[in-house]
Q: 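Pasting a structure here, questions to come.
All of these numbers come straight from a predicted model, not from anything done at the bench. Chain letters run A, B, ... following the sequence lines, proteins first and then strands; every chain starts at 1.
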Amino acid sequence: MRGRRAADRRKLIAATVIGAAAMAGLALLRRRVGSLRLSRGLAALRLVARGGARYAASAPQLFAAAGENRQQLRSDLALETAEDVATTLGAMKGVLMKLGQMASYVDDGLSPSVRRTLSRLQDSVPPMSADLAARVVQEELGRPPEQAFARWDPEPIAAASIGQVHRAITLDGRAVAVKVQYPGIAETIAADLGNVALLRRMLRITAPSQDVDALLAELRERVLEELDYRREADNQRLFAAYYAGHPTISVPGIIGELSTRRVVTSELVDGARFAEMASWPQQERDLAAETIYRFVFRSLYELHAFNGDPHPGNYLFHGGGRVTFLDFGLVKRFTPGELQPLMQMARYLCVNHDPEAFRRNLEKAGFLRPGAPLSTEDIVEHMAVFYDTVRESRPLTMTGDYSSAVVRRFFDVRSPVTTYAQIPRSYVILQRINLGLFGLLGELTATANWRAIAEEIWPFVLGPPSTPMGEAEVAWRAQRPSAGPPVEESLA
Amino acid sequence: MTTGPYATATGLIERSAAAYVSGIPHHPADEGFFGPDSITWRVSTDLPSPIAGLRSLMMQALHPLAMAGVDQHSDWRRDPVGRLAATSAYLATISYGERAAAEQAATRVRRIHEHVRGVDTVTGRPYAAGDPALLLWVHVALVESGLVVGRLFGTPLSPQDSDRYVAEMATAAELVGVPRDMVPSTVAGVGQYLASVRPELRCTPAAAESMAFLLDPPGLDEDIAEIWQDIRYGAIVSLPDWAREMYGYDPPPPLTPERREEVRQVLGVLDAVYMGEPGVLEARQRIALRMRTAQRA
């Protein structure tokens, strides 16, 4: 039994993770079909409100911060006062942007009209003027930026949904990125979330069992929590500490004394953006993909944390597989009890080849309604695509076709399995693995023996290193303080 | 004479947005009749302008002769959305367009008005759309709605700025053919004018029908229809009591601070929807940029 276990476990993990994610989409699509008749823009916003609410309801321990998505900085229209901020982002607009951001984390199937309405909304928010940003820094750090930093670049280098990023050099000479929040935005959004009559109406058609008021309370709490940059700083510290000394993964450090509720300062790192790296030779792309893959699953199974935003903008590439991971605004931490069912599912499907046990675990974890009138064969057939990359130990090339097949399956309303599928709230965020990670790896047409890498990481296998990067990780792991007990043991 | 059932309001948002965008110039040769530092621009870019627009239609319709002109001559029943969009395009051009464009638009309207003549079936009185007295009514109803709705749901103007707004807007009246000396140029003047016209006002069957259409437009997408309830509430609650009584509406629930916030939220959502229409955000940015430049100068 014990001997077999090691072999069993590998697949379970990737498989379950993906499977979990898979099921979430199905419920969403059914709802979406119902609203096709609605006017494009408003239906879009209603979907956004629902997506945001679903996110809030599903992911109680998530913290999301600003994604740096806006392309264009309209400095000619810069916001100059807190009143400008309130005018621009009041009357629900800040709330809708925030909800939209949340919805996009759990629902990449957002329709083009939803995306368009959201991106227009984001585009409609100009950056802060240099003076206004300086005033926020002064209020938060007690000194104007010219005194808090040795050098301060008044021109923002990037936009965030509720703030913007400036470059600076600290008094002790470190180059840093400083994210500064719009003044008054928290108050503006809080005021809008204090008056929930409209939101209640927008959410009216969510699942009937949903207690809309509880949902709104949760939503309010979640959004307000996310307006506190200290959360994001804490998450980034967690990852930076864990990966200290890692051969290919690096996470910029947080400068604690320059980070507060509305300002977060981290080391500034230079590197190639995703688009540039995607033009590098295939060998380099494979290495970068391997690092990203290791990062996602090692974080999940050892750090029990998942950074839910595998967005191309959140990586910097340095060659040789070295990758810097940015933006820890959206991190979900898992309990061992939450991880356990994921592993069991992967184990029984990919390693033990015991479909009935796989099904029992799906039901136990809450992915499948118990007693659904479906054959186990159909269920396995439906789920198998999510586990394709780890079912066999052999080199496999990720393609755009694979990731779109996964996404399609995800939203396949015709499948009878869909009717009985649901997503337990703890796992909603894992959808990002399907929708984000595999999309990225597919874009890189990356080849690796993903199964062998997964086996290295799966706590119930802890397989031998399968690549040079794996070898280097062994050395890194040997010199770092030991992590907590493996998930499985802690539950046994 | 055309009477008959109304067409539906399908496409209201899309067509109004397109009309608005068409009125905002890219590289204007001059600042137009009002200009980026005018109160007029401030009022017309304020959040509650959809409510102000609806309220002014409700006021305007209470003049039997003005209503008859619309009802008997325009495409109002056959294509109400097109008619509203044309009005939006006209107002955008007058407000933000360069002088030549504004004059051209006004000339076109005056020319159309020449053919709009008839006899109102309710009062038996003859009317002509080019009659300065009717045009003045339509004008003052618009200006007064901007003031009242701004005060209730928008960014209120100071008394001085309110007077300035009334004075600025006299130019719009003049453009369609009202002699300047007839047009009120202060808030007090607006009040006196309204009191003097009130004996002529009443809700004719045509007005009642038009408003029934506007307050609950058939064929709206169901989500927009839902939002429209709040726009309608905002328009009705901001009407003077006497106007509401002429229409025979029950007094609406009082405008509490919570209710005001909810209406503002709805306006914000509607605004976000509107901004999702092609060209609207860019048009807004063109205006904002001109206002910003003027502010700095």
Q: For the pair B/Arg292 (side chain) and A/Ala78 (backbone), establish whether a donor and an acceptor sit closer than 3.5 Å, ignoring hydrogens and angles.
A: yes
Q: Quick one: what part of B/Leu47 sits under 4.5 Å from any heavy atom of chain A, side chain, backbone, both or neither?
A: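 The side chain, not the backbone.
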Q: Just wondering, are more than 12 heavy atoms of other shown residues or ligands nearer than 6.0 Å to CZ in B/Arg83?
A: no
Q: What part of B/Leu267 gets closer than 4.5 Å to chain A, counting heavy atoms only: side chain, backbone, both or neither?
A: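 Interface part for B/Leu267: neither.
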Q: So, for A/Ala91 and B/Arg264, which heavy atoms are closest and what is the spacing to 0.1 Å?
A: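 Heavy atoms of A/Ala91 and B/Arg264 come nearest at CB-O, 3.4 Å.
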Q: Give me the atom names and distance for the closest heavy-atom approach of B/Val269 to A/Leu96.
A: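 Between these two residues, the closest heavy atoms are CG2-CD1, 4.0 Å.
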Q: Can you find a pair of side-chain heavy atoms, one from A/Met92 and one from B/Asp271, that are under 4.5 Å apart?
A: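 When only atoms from C-beta onward are counted, B/Asp271 and A/Met92 do not touch, as no gap falls below 4.5 Å.
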Q: Measure the CD-CZ distance between A/Glu80 and B/Arg296 for me, rounded to the nearest 0.5 Å.
A: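 These two atoms lie 4.5 Å from each other.
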Q: Tell me whether B/Gln265 contacts the main-chain N or O of A/Asn195 through its side chain, where contact means a donor paired with an acceptor under 3.5 Å.
A: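 The answer is yes, because a donor-acceptor pair under 3.5 Å joins these two groups.
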Q: Looking at CG of B/Asp46 and OG1 of A/Thr87, how far apart are the two atoms once the value is rounded to the nearest 0.5 Å?
A: 9.0 Å
